[in-house]
Amino acid sequence: MKQVALITGAGQGIGAAIAKRLADDGFAVAVLGRTLSKVEKVAGEINASHPDQALALKADVAKRDEVFAAVAATVDRFGDLTVMVNNAGVAPTTPIMEVDEETLQWAQAINVNGTVWGIQAAVQAFEQAGHGGKIINATSQAGIEGNPELTVYGSTKFAIRGITQTTAKELAPKGITVNAFAPGIVKTPMMYDIAHEVAQNAGQDDEWGMAQFSDGIALGYLSSPEDVAAGVAFLAGPDSNYMTGQTLVVDGGMVFH
Ligand SMILES: NC(=O)C1=CN([C@@H]2O[C@H](COP(=O)(O)OP(=O)(O)OC[C@H]3O[C@@H](n4cnc5c(N)ncnc54)[C@H](O)[C@@H]3O)[C@@H](O)[C@H]2O)C=CC1
Ligand SMILES: CC(=O)C(C)=O
């Protein structure tokens, strides 16, 4: 069977690395993001080495109809969908007394609702094609253990693990597996934004800010997007067929669960 994956939030960072890794592994990939120029660049890089294997799609994962339309466009272009990677996410830093309704709703809409819409759209496509499939959701070490000043973000990442477990049980009879991946601290624009705030508060530069996060990592160094993509490649491939409802932690040894 032809393997076709849609990866959300794939214009940069972990999502772009996943798209490139899955294309190397033989998948046709739909590269979805909010900014068309960014996903077109990633898809163009993939197509340069793997002709016609990547499709760029613009969508906001918080909008259910846009996610369903993106899945339909993927099936239209490649004839199928076999793997859905719900990777898109936002990570506001929110000391508890600064949490407001707008930030809660924004993070919920993208991280949680976006994951639910991605699962629904993928299940519909798998059922229409008459086969099972694999759904892979992005959680975080911050969705396994509480992190200070990440109440809003952490709550969405804990929720994603809950959704992964409930849908794994619900969808198993349809031959669909649902797993999550939990990165630790990954050198992406998202993490540089967080490090920038830490550095600014201490009057230091961004690299100093990033270095502060390697303290709790057993392996002693920060990860690259490609380290995380390798874990996702395992979840997308046949070697994980007997695994569902699980969280694959790719964090260099930050949390043990
Ligand atoms: N960077 C890190 O250290 C960690 C990241 N993660 C998770 O991994 C995933 C990817 O993170 P990064 O690559 O680091 O982030 P990033 O911010 O570098 O990239 C995320 C991408 O998602 C896109 N996106 C955001 N909202 C969207 C929406 N509504 N619709 C479509 N696309 C949207 C952004 O435009 C961006 O291109 C996220 O879910 C994040 O929470 C988890 C643990 C650690
Ligand atoms: C961004 C993130 O997921 C962290 C800091 O764990």
Side-chain angles (χ1 to χ4, degrees), residues 6-20 30-42 56-67 69-70 85-94 105-118 136-161 163-164 180-198 209-210 212-217 221-229 231-232 247-252 254-255:
L6 189 160
I7 304 102
T8 70
Q12 64 184 34
I14 294 169
I18 294 170
K20 288 176 182 173
V31 183
L32 180 151
R34 276 180 310 190
T35 312
L36 192 57
S37 58
K38 283 191 175 185
V39 281
E40 279 180 341
K41 183 166 179 290
V42 173
L57 293 171
K58 176 176 163 29
D60 178 348
V61 298
K63 301 199 171 127
R64 188 176 186 272
D65 56 340
E66 292 191 17
V67 178
V85 184
N86 294 308
N87 166 76
V90 289
T93 305
T94 50
Q105 281 174 359
W106 171 63
Q108 162 87 23
I110 295 172
N111 296 5
V112 180
N113 301 10
T115 300
V116 172
W117 308 149
I136 303 167
N137 301 323
T139 179
S140 164
Q141 61 81 25
I144 296 171
E145 196 168 285
N147 284 210
E149 306 196 347
L150 288 184
T151 294
V152 173
Y153 178 70
S155 70
T156 66
K157 293 297 173 177
F158 271 83
I160 287 167
R161 286 205 305 126
I163 291 164
T164 299
F181 61 99
I185 307 295
V186 195
K187 289 184 272 180
T188 69
M190 171 186 281
M191 201 55 224
Y192 271 99
D193 284 348
I194 295 174
H196 179 72
E197 280 189 47
V198 172
M210 280 298 263
Q212 305 316 300
F213 289 100
S214 53
D215 269 0
I217 302 176
Y221 60 93
L222 307 182
S223 59
S224 68
E226 289 73 24
D227 292 324
V228 179
V232 175
T247 295
L248 182 68
V249 183
V250 190
D251 71 351
M254 287 180 78
V255 294

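The figures here come from the full heavy-atom set of this structure, side chains too, leaving out hydrogens, waters and symmetry mates. One-based numbering, in listed order, for ligands and for the atoms of each. All values derive from a computational prediction rather than experimental measurement.
- Among Gly13, Gly89, Ala59, Gly15, the residue whose heavy atom lies closest to atom 20 (C) of ligand 1 is Gly89.
- For Gly184, the closest heavy-atom approach to ligand 1 falls below 4.0 Å.
- In this structure, Lys187 falls outside the shell of residues with a heavy atom less than 4.0 angstrom from ligand 1.
- Nearest protein heavy-atom neighbour of atom 12 (P) of ligand 1: Thr188 OG1, 3.6 Å.
- Residue Asp60 approaches ligand 1 through these ligand atoms, each under 4.0 Å from one of its heavy atoms: 28 (C), 29 (N), 30 (N).
- Closest protein heavy atom to atom 15 (O) of ligand 1: Met190 CB, 3.3 Å.
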What are the atom names and distances for all N or O pairs under 3.5 Å between ligand 2 and the protein?
unit_1	atom_1	unit_2	atom_2	d
ligand 2	3 (O)	Ser140	OG	2.8
ligand 2	3 (O)	Tyr153	OH	2.6
ligand 2	6 (O)	Ser140	OG	3.1
ligand 2	6 (O)	Gln141	NE2	2.7

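- Atoms of ligand 1 lying under 4.0 Å from at least one heavy atom of Pro189, given by number and element, are 18 (O).
- Thr8 places a side-chain N or O within 3.5 Å of a backbone atom of Asn87 that can act as its donor or acceptor partner.
- Across all non-hydrogen atoms, the minimal contact from Gly15 to Ile7 is O-CG2, 3.7 Å.
- Residues that satisfy the side chain to side chain donor-acceptor pair (under 3.5 Å) test with Glu66, not counting sequence neighbours, are absent from this structure.
- The nearest heavy-atom contact from the protein to atom 8 (O) of ligand 1 is Ile14 CD1, 3.5 Å.
- The protein heavy-atom contact nearest to atom 3 (O) of ligand 1 is Val186 N, 2.7 Å.
- Side-chain atoms of Asn137 and Thr115 form no donor-acceptor pair, as typed in the model, at a separation below 3.5 Å.
- Of the residues Val232, Asn86, Ile18, the one that meets the side chain to side chain contact (heavy atoms under 4.5 Å, CB included) test with Ile136 is Val232.
- The contact set between ligand 1 and Tyr153, taken as ligand atoms under 4.0 Å from a residue heavy atom, comprises 6 (N), 7 (C), 40 (C), 41 (O), 42 (C), 43 (C).
- Taking any N or O of Gln141, backbone or side chain, none lies under 3.5 Å from an N or O belonging to ligand 1.
- Judged by distance alone, with hydrogens and angles left aside, the side-chain atoms of Trp117 form a donor-acceptor pair with the main-chain N or O of Ala62 at under 3.5 Å.
- The nearest protein atom to atom 10 (C) of ligand 1, hydrogens excluded, is given as Asn87 OD1, 3.3 Å; this is a heavy-atom distance.
- Taking Lys63 as the reference, Asp60 meet the salt bridge (charged side-chain N to carboxylate O under 4.0 Å, His left out) condition, with sequence neighbours excluded.
- In this structure, OG1 on Thr156 lies 8.0 Å from CD on Gln108, to the nearest 0.5 angstrom.
- Looking at Thr139, its side chain does come within 3.5 Å of a backbone N or O of Lys157 through a donor-acceptor pair.
- A heavy-atom separation below 4.0 Å is found between Ile185 and ligand 1.
- Residue contacts with ligand 1 for Thr139 involve N, CA, C or O but no side-chain atom from C-beta outward (heavy atoms, distance under 4.0 Å).
- Distance CD/Glu145 to CG/Leu150: 12.0 Å, rounded to 0.5 Å.
- Taking NZ of Lys58 as the reference point, atom OG1 of Thr35 lies at 7.0 Å (rounded to 0.5 Å).
- Partner of Gln141 under the side chain to side chain donor-acceptor pair (under 3.5 Å) criterion, out of Asn147, Asp251, Thr247: Asn147 alone.
- Residue Gly11 has no nitrogen or oxygen atom sitting less than 3.5 Å from a nitrogen or oxygen atom of ligand 1, judged on distance alone.
- To the nearest 0.5 angstrom, Glu226 atom CD is 9.5 Å from Lys187 atom NZ.
- The side-chain contact (heavy atoms from CB on, under 4.5 Å) test applied to Ala16 returns Val42, not counting sequence neighbours.
- In terms of N/O distances under 3.5 Å, ligand 1 is not approached by Ser140.
- The closest donor-acceptor contact from the side chain of Asp193 to the backbone of Met190 lies at 3.5 Å or more, if one exists at all.
- Atom 30 (N) of ligand 1 has as its closest protein heavy atom Val61 N, 2.9 Å.
- Listed by number with element, the atoms of ligand 1 under 4.0 Å from a non-hydrogen atom of Ala138 are 39 (O).
- Across all their heavy atoms, Lys38 and Gln12 have their closest contact at NZ-OE1, 2.6 Å.
- Note: Ile110 CD1 to Arg34 CZ = 5.0 Å, rounded to the nearest 0.5 Å.
- Taking atom 22 (O) of ligand 1 as the reference point, the nearest protein heavy-atom neighbour is Gly9 CA, 3.3 Å.
- At under 3.5 Å, not a single nitrogen or oxygen of Pro183, backbone or side chain, sits near a nitrogen or oxygen of ligand 1.
- Contacts between Lys38 and ligand 1, counted as non-hydrogen atom pairs separated by less than 4.0 Å, are absent for every part of the residue.
- Taking every non-hydrogen atom of Met191 and a distance limit under 4.0 Å, the qualifying atoms of ligand 1 come out as 1 (N), 3 (O).
- Of all protein heavy atoms, the one lying nearest to atom 28 (C) of ligand 1 is Arg34 CD, 3.4 Å.
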